[in-house]
Amino acid sequence: MPPYTIVYFPTRGRCEALRMLLADQDQSWKEEVVTKESWLQGPLKASCLYGQLPKFQDGDLTLYQSNAILRHLGRTLGLYGKDQQEAALVDMVNDGVEDLRCKYVSLIYTNYEAGKEDYVKALPQHLKPFETLLSQNKGGQAFIVGDQISFADYNLLDLLRIHQVLAPSCLDSFPLLSAYVARLNSRPKLKAFLASPEHMNRPINGNGKQ
């Protein structure tokens, strides 16, 4: 039995950073896929603490909230910086990722046709902080914080990859972020996961927009 279970819709959504982390760290997990029809029936939703997915099980520990799950795995698997100062910076980066992810989700689900042009136009100002952070850490040649990968790297990588689908040239003016994405994409276990049908055949979002 895999130690972890992900209960989620048949999309990448808020779980792909988590899957990328587990794959890259050579962890096994099982998926319980929830269809829209079964979700709308109500009992599962009613049983979820906040009435939403993902739901994550680690043995007898059940967690909700994707960022709480990432932080839990960060602590469990040693992906939370080497000391308290780095851990604080990892948290800061992850909160920045969440801010931009919320803007992205709002665009995708509420304002895609009317809002995409303005969103893409404003995107550089939202990406710049991450380029700045990279430039301040070993000249951008390492990870977003320190010299070891953290859970925030997987979350940021997922965010950048979905924005490359939305706006393929969005990283052209951010050389450090471009190199960072290429570097992480080429990590052997992560590269294998990203090339797998499991990843490739799973839509980014639940409404077909990306």
Side-chain angles (χ1 to χ4, degrees), residues 12-27 65-108 118-194 199 204 210:
R12 298 181 197 174
R14 283 189 166 272
C15 277
E16 209 63 8
L18 167 59
R19 296 180 181 112
M20 287 158 60
L21 181 159
L22 291 171
D24 192 48
Q25 295 296 315
D26 205 19
Q27 301 293 309
Q65 301 288 0
S66 56
N67 286 293
I69 298 163
L70 284 170
R71 287 193 294 269
H72 168 66
L73 290 170
R75 286 186 291 268
T76 304
L77 300 175
L79 306 170
Y80 220 134
K82 72 175 191 295
D83 54 30
Q84 287 194 355
Q85 181 171 322
E86 284 194 1
L89 292 172
V90 168
D91 278 335
M92 180 185 76
V93 170
N94 203 62
D95 283 2
V97 170
E98 176 63 13
D99 283 349
L100 182 50
R101 191 181 292 277
C102 285
K103 290 180 174 70
Y104 170 84
V105 168
S106 178
L107 170 75
I108 292 294
D118 286 343
Y119 182 94
V120 172
K121 201 177 294 182
L123 192 52
Q125 73 190 60
H126 300 306
L127 294 174
K128 189 166 185 272
F130 302 113
E131 180 86 355
T132 299
L133 284 165
L134 274 176
S135 73
Q136 294 169 350
N137 185 32
K138 303 181 189 302
Q141 302 308 305
F143 301 103
I144 196 69
V145 173
D147 57 8
Q148 60 188 44
I149 200 163
S150 70
F151 71 88
D153 284 296
Y154 298 105
N155 208 12
L156 176 56
L157 177 62
D158 178 54
L159 184 77
L160 296 173
R161 285 174 54 89
I162 62 178
H163 277 88
Q164 285 180 307
V165 175
L166 179 77
S169 62
C170 68
L171 298 185
D172 286 1
S173 55
F174 298 104
L176 298 181
L177 279 176
S178 293
Y180 169 83
V181 169
R183 195 162 60 246
L184 293 190
N185 280 345
S186 67
R187 290 169 65 88
K189 291 186 178 68
L190 189 50
K191 182 179 180 179
F193 172 75
L194 294 173
H199 170 78
I204 295 175
Q210 58 185 38

Heavy atoms, side chains only, cut-off 4.5 Å: are [X] and [Y] in contact?
X	Y	answer
Leu79	Leu70	no
Leu127	Leu123	yes
Leu194	Lys191	no
Met20	Leu157	yes
Leu77	Leu21	yes
Leu18	Leu73	yes
Met92	Val145	no
Ile144	Ile149	no

Does [X] use its side chain to pair, donor to acceptor, with the backbone of [Y] at less than 3.5 Å?
X	Y	value
Thr132	Lys128	yes
Ser178	Leu171	yes
Asn137	Gly140	no
Gln210	Ile204	no
Arg183	Ala142	yes
Glu16	Asp158	no
Gln136	Leu134	no
Gln164	Ile162	no

Say you draw a straight line from [atom1] of [X] to [atom2] of [Y]; how long is it, rounded to the nearest 0.5 Å?
X	Y	atom1	atom2	result
Leu190	Asp26	CG	CG	12.5 Å
Asp99	Leu159	CG	CG	10.5 Å
Asn94	Asn67	CG	CG	4.5 Å
Tyr154	Leu22	OH	CG	9.0 Å
Leu100	Asp95	CG	CG	13.0 Å

Item to check | Salt-bridge criterion met for Arg187 and Asp24 (N-O under 4.0 Å) | outcome: yes
Checklist entry - In terms of heavy-atom contacts, does CD of Gln85 have more than 12 from other residues, nucleotides or ligands at under 6.0 Å? => result no
Item to check | Sequence neighbours excluded, every pair satisfying ring pair (Phe, Tyr, Trp, His ring centres under 6.0 Å) that has a member inside residues 155-183 | outcome: Tyr104-His163, Tyr119-His163
Checklist outcome for this item: For residues 69-93, the ring pair (Phe, Tyr, Trp, His ring centres under 6.0 Å) pairs (sequence neighbours left out) are Tyr80-Phe151
Checklist outcome for this item: salt bridge (charged side-chain N to carboxylate O under 4.0 Å, His left out) test vs Glu98 passes for just one of Arg14, Lys103, Arg71, namely Arg14
Would you name the heavy atoms of [X] and [Y] that are closest together and state the gap between them?
X	Y	answer
Val93	Ala152	CG1-CB, 4.0 Å
Phe143	Gln148	CD1-C, 3.3 Å
Leu176	Gly139	CD2-O, 3.7 Å
Asp147	Lys138	CB-CE, 3.4 Å
Pro129	His126	CD-O, 3.4 Å

